[in-house]
Amino acid sequence: MTSSDKLTAGEIVRKVLLYVALIIMAFIMLVPFAWMISASLKFEKDVFSFPIVWIPENPQWSNYSEIWQKVPLLTGFFNSVKLTVCVTILQLATSSLAAYAFAKLEFKGRDTIFMLYIMTIAIPWQVYMVPQYKMMTLFGLTDSHLGIVLMHAFTATGVFLMRQFFMGIPTELLEAARIDGLSEYGIWAKLMLPLSKPVIATLCLTSFTFEWNDFMGPLIYLSTTEKKTLQVMLRMFNTQYSSNYALIMAAATVALIPVLILFVFLQRYFVEGVATSGLKG
Amino acid sequence: MGKANNTDGQVKSSTLRRRKTLVAYSFIMPNLIGFFIFTFVPIVFSLFLSFCEWDSGNPLKFVGLKNFITMFTKDKSFWISLTNTIYYTVVTTPLTLGLALFLAVLMNKPLKGRVFFRSVLFFPYVASLVAIAVVWMALFNPEKGPVNGILMALGIANPPRWAASTTWAMPTIIGLTVWKGMGYYMIVYLAALQGISRELYEAASLDGANGWQKFWNVTWPGILPTTFYILMMLLVATFKSYDTMYITTQGGPGEATKVLAYHIYNQAFKNAKFGYASAVAMVLLAIILVVTLIQFKYEKKFSND
């Protein structure tokens with residue numbers, strides 16, 4: 001009796017400690033966002049007042065209308081949407097096609113080409129960004145959305161991720177479909193893709209977050225203001241109005257909202273994507 | 001059925017095979033062509049370019065090892081960047097790894113509000129760096145930021161000048177990196193923890209093992225492959241990183257937060273020395289290849305176990 005009583009007491013202490021630790025960590029993660037939103041609703045003179053006033057007495061919603069006039073953030077927003085959608089769709093289509101061949105078809109040169117893909121996965125963009133830029137200049141594809149889409153749409157990681165998933169789909173299913181007279185394209189469209197929803201979700205989200213948040217790529221490539229993406233516009237805003245923190249925080253909040261919305265609704269897929277792609281290595 | 005086809009004669013089976021190959025190539029071509037032109041060619045080109053001199057107006061000229069000799073013997077900035085990169089990597093990697101594991105172990109217990117905690121810890125990873133960094137810089141503003149406000153209220157008369165100080169700029173950036181990234185690796189760890197069989201823990205309990213003993217004898221061996229994988233991922237991710245430095249400090253103050261990839265960027269896009277920049281990139285590549293080779297070697301070992 002006493003020992004089991006002790007155990008529950010110990011368990012309670014542990015439970016409390018566990019929640020305290022988690023709440024502290026959650027607090028550390030959330031405070032910057034809370035401060036950002038709070039500052040975005042203040043008069044400039046009150047942004048850094050100390051002690052911190054978390055809920056401004058007289059919220060300045062006008063900060064949120066002002067930012068759009070300072071820098072063409074809306075244009076940046078649409079440019080980002082355009083690039084993200086194009087890259088994600090192209091990436092999904094071409095990687096799933098290639099992954100099907102690598103996973104389920106036999107042909108000469110398959111393993112050699114696949115090795116080539118694998119080897120380049122390890123090489124980061126920073127290594128080849130310079131010659132890539134010179135090459136794109138030669139093609140006349142700098143300062144163009146098409147150039148960025150072409151650079152980001154055909155990735156080895158996408159092919160690899162899809163192939164790993166396709167490998168797990170039993171070949172007997174494909175054989176049955178072939179006997180039923182489906183062509184390879186038919187199998188890809190009517191069998192493989194519907195069975196691959198989890199990996200499609202993962203690839204879409206990875207591609208979306210990468211493209212939406214990408215900063216150095218558009219920074220290097222896009223020079224015309226009308227073509228710049230939201231992240232680059234936000235950066236422009238931060239440097240041009242560097243003393244106006246209330247507006248900067250309003251712009252930062254606006255830039256975070258699309259990802260936040262997507263994250264709230266699809267967080268399960270985000271998490272599953274990380275867990276599966278992370279574990280496979 | 002396959003045998004019946006073969007007896008139909010070799011001509012037919014070889015056209016069939018050719019057809020199959022054609023179909024297969026039609027699947028891989030859309031990706032392969034794009035990948036080849038926009039990624040593979042630049043990679044090969046960068047190797048060649050590192051032995052060349054190519055400044056803005058002047059034509060490309062082969063110069064042999066000159067870039068590498070200049071880099072290793074004369075370029076102080078290169079050595080500073082390399083040292084800073086190592087500093088950044090060596091501190092960020094274990095901190096992120098340790099915190100991610102700590103959080104994953106906490107989250108692996110029966111818990112109310114699990115989805116909430118997981119989302120909160122993970123969200124910074126998917127949030128825009130440009131937006132996050134500007135908030136971070138405001139919080140750590142040396143004159144008026146709330147962090148120093150709190151430190152001064154706690155009686156610290158001269159709190160660090162954070163991003164404005166040569167000593168504290170790198171720790172500030174490391175803090176931002178760890179804060180932003182640890183949730184991602186926590187999720188990877190969490191998946192690995194959930195893969196460890198309940199029975200092993202029950203057996204350990206029967207043997208009278210306490211929490212620590214269970215961790216070292218059951219959990220740790222179970223997540224060792226994941227730890228190794230995360231370690232390699234983090235090493236590569238931190239070694240190539242320079243966007244955070246670009247956004248927060250522009251490599252400063254002085255060259256306190258200038259890292260290798262930033263040096264490549266500056267040499268190419270500020271100074272228009274494309275050949276030289278590619279030579280610096282080869283050093284980055286060499287380091288990353290060493291990490292990758294170690295990974296390949298040990299991954300085999302782990303998967304054999």
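A note on names: the letters A, B, ... follow the listed sequences, proteins ahead of strands, and every chain is numbered from 1. What you are looking at is a predicted structure, and each value in this text was computed from that prediction instead of being measured.
Taking the six-membered ring for Trp and the full ring otherwise, F123(B) and F33(A) have centroids separated by under 6.0 Å. Between Y133(A) and W54(B), a ring centre-to-centre spacing not shorter than 6.0 Å is recorded.
Proximity to chain B is limited to the side chain of K15(A), based on heavy atoms less than 4.5 angstrom apart. Heavy atoms closer than 4.5 Å to chain A are found in the side chain of F269(B), but not in its backbone. Proximity to chain B (any heavy atom under 4.5 Å) is shown, for I28(A), by both the backbone and the side chain. Residue contact with chain A, scored on non-hydrogen atoms closer than 4.5 Å, involves the backbone and the side chain of I247(B) alike. Interface residue L32(B): backbone and side-chain heavy atoms are both found under 4.5 Å from chain A. Neither the backbone nor the side chain of L205(A) comes within contact range of chain B, judged by heavy atoms closer than 4.5 Å. Looking at L97(A), both its backbone and its side chain come within 4.5 Å of chain B, counting heavy atoms on both sides. For L260(A), the parts lying under 4.5 angstrom from a heavy atom of chain B are both the backbone and the side chain. Looking at I37(B), both its backbone and its side chain come within 4.5 Å of chain A, counting heavy atoms on both sides. Of the two parts of I150(B), the backbone and the side chain both hold a non-hydrogen atom closer than 4.5 Å to a non-hydrogen atom of chain A. If you measure heavy-atom distances from A156(A) to chain B, the contacts under 4.5 Å come from both the backbone and the side chain. Contacts of I52(A) with chain B are made by side-chain atoms alone, with heavy-atom separations under 4.5 Å and no backbone atom involved. For a residue to count as touching a neighbouring chain, one of its non-hydrogen atoms must lie under 4.5 Å from one of that chain's; by this rule Q231(A) touches chain B with backbone and side chain alike. With a threshold of 4.5 angstrom between heavy atoms, L285(B) approaches chain A through its backbone and through its side chain. At a 4.5 Å heavy-atom cutoff, the contact between W188(A) and chain B is made by side-chain atoms alone. Contacts between F116(B) and chain A at a heavy-atom distance below 4.5 Å involve the side chain alone, from C-beta outward. Neither the backbone nor the side chain of R17(B) has a heavy atom closer than 4.5 Å to any heavy atom of chain A. For a residue to count as touching a neighbouring chain, one of its non-hydrogen atoms must lie under 4.5 Å from one of that chain's; by this rule M182(B) touches chain A with the side chain only. For A133(B), no part lies under 4.5 angstrom from a heavy atom of chain A. If you measure heavy-atom distances from T209(A) to chain B, the contacts under 4.5 Å come from the side chain alone. Only the side chain of Y25(B) comes within contact range of chain A, with at least one heavy atom under 4.5 Å from a heavy atom of that chain. Of the two parts of T292(B), only the side chain, counted from C-beta on, holds a non-hydrogen atom closer than 4.5 Å to a non-hydrogen atom of chain A.
Taking the six-membered ring where the residue is Trp, Y185(A) and F27(B) present parallel rings, their angle staying beneath 30° rather than reaching 60°. Ring-plane geometry between F35(B) and Y117(A) is classed as parallel, the angle between the planes falling under 30 degrees on a 0 to 90 degree scale with a further cut at 60.
The candidate with the highest count of non-hydrogen atom pairs below 4.5 Å against chain B, out of I220(A), L141(A), T253(A), L105(A), is I220(A). Of the listed residues L116(A), T155(A), V159(A), the one with more heavy-atom pairs under 4.5 angstrom with chain B than any other is L116(A). The most heavy-atom pairs under 4.5 Å with chain B, out of M29(A), Q91(A), M129(A), come from M29(A). Between chain A and the residues A153(B), P146(B), G145(B), P30(B), the largest count of heavy-atom pairs under 4.5 Å involves P146(B). Highest contact tally toward chain B, considering only M36(A), M151(A), R235(A), is held by R235(A) [criterion: heavy-atom pairs under 4.5 Å]. Between chain A and the residues I230(B), I33(B), V120(B), V23(B), the most heavy-atom pairs under 4.5 angstrom are made by V120(B). When D243(B), T21(B), V126(B) are compared by the number of non-hydrogen pairs under 4.5 Å with chain A, V126(B) comes out ahead. Contacts with chain A were tallied for G211(B), S26(B), A131(B); A131(B) has the most, counting heavy-atom pairs under 4.5 Å. Of the listed residues (Q267(A), Q132(A), M216(A)), the one with the most heavy-atom contacts under 4.5 Å to chain B is M216(A). Top candidate by heavy-atom pairs under 4.5 Å with chain B, chosen from P51(A), A26(A), P32(A), is P32(A). Counting heavy-atom pairs closer than 4.5 Å to chain A, the top-ranked of the candidates F117(B), F45(B), W136(B) is F117(B). With chain A as partner, the option from P110(B), A138(B), G275(B) having the largest number of non-hydrogen pairs under 4.5 angstrom is A138(B).
In this structure, the separation between CZ on F40(B) and CD1 on I123(A) is 8.0 Å, given to the nearest 0.5 Å. Note that the CZ atom of F38(B) and the CE atom of M136(A) stand 5.0 Å from one another [nearest 0.5 Å]. For the atom pair T39(B) OG1 and I121(A) CD1, the distance stands at 11.0 Å (nearest 0.5 Å). How far OH of Y245(A) is from CE of M137(B): 9.5 Å, rounded to the nearest 0.5 Å. Here L22(A) contributes atom CG and L111(B) contributes atom CG; the two are 5.5 Å apart, rounded to the nearest 0.5 Å. M25(A) CE to L103(B) CG: the interatomic distance, rounded to the nearest 0.5 Å, is 4.5 Å.
The 12-atom threshold is not exceeded at CZ of R18(B), counting heavy atoms of other residues, nucleotides or ligands nearer than 6.0 Å. Heavy-atom contacts from other residues, nucleotides or ligands closer than 6.0 Å to CD of Q194(B) number more than 12.
The two residues S128(B) and L256(A) make their nearest non-hydrogen contact at N-CD2, 3.5 Å. Taking each heavy atom of S46(B) and P131(A) in turn, the nearest pair found is CB-CG, 3.3 Å. Nearest heavy-atom pair across L106(B) and A21(A) is CD1-CB, 3.8 Å. Nearest heavy-atom pair across M249(A) and V134(B) is CE-O, 3.8 Å. Across all their heavy atoms, F154(A) and G34(B) have their closest contact at CD1-CA, 3.3 Å. Of all heavy-atom pairs spanning F296(B) and I118(A), the tightest one is CZ-CG2, 4.4 Å.
Using a 4.5 Å heavy-atom threshold, the side chains of V127(A) and I43(B) count as separate. The closest side-chain heavy-atom distance from V130(A) to Q267(B) is not below 4.5 Å. Side chains of Y125(B) and F270(A) form no contact here, defined as non-hydrogen atoms less than 4.5 Å apart.
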- Message: Determine whether F102(A) and N31(B) satisfy the following criterion, side chain to side chain contact (heavy atoms under 4.5 Å, CB included), listing intermediate values before the conclusion.
- Response: CA-CA 12 Å; F102(A) 284 126; N31(B) 192 282; over 6 Å; no
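With hydrogens and angles ignored, the 3.5 Å screen pairs a side-chain donor or acceptor of Y19(A) with a backbone N or O of K112(B). Not one N or O on the side chain of N213(A) forms a donor-acceptor pair closer than 3.5 Å with the backbone of L129(B).
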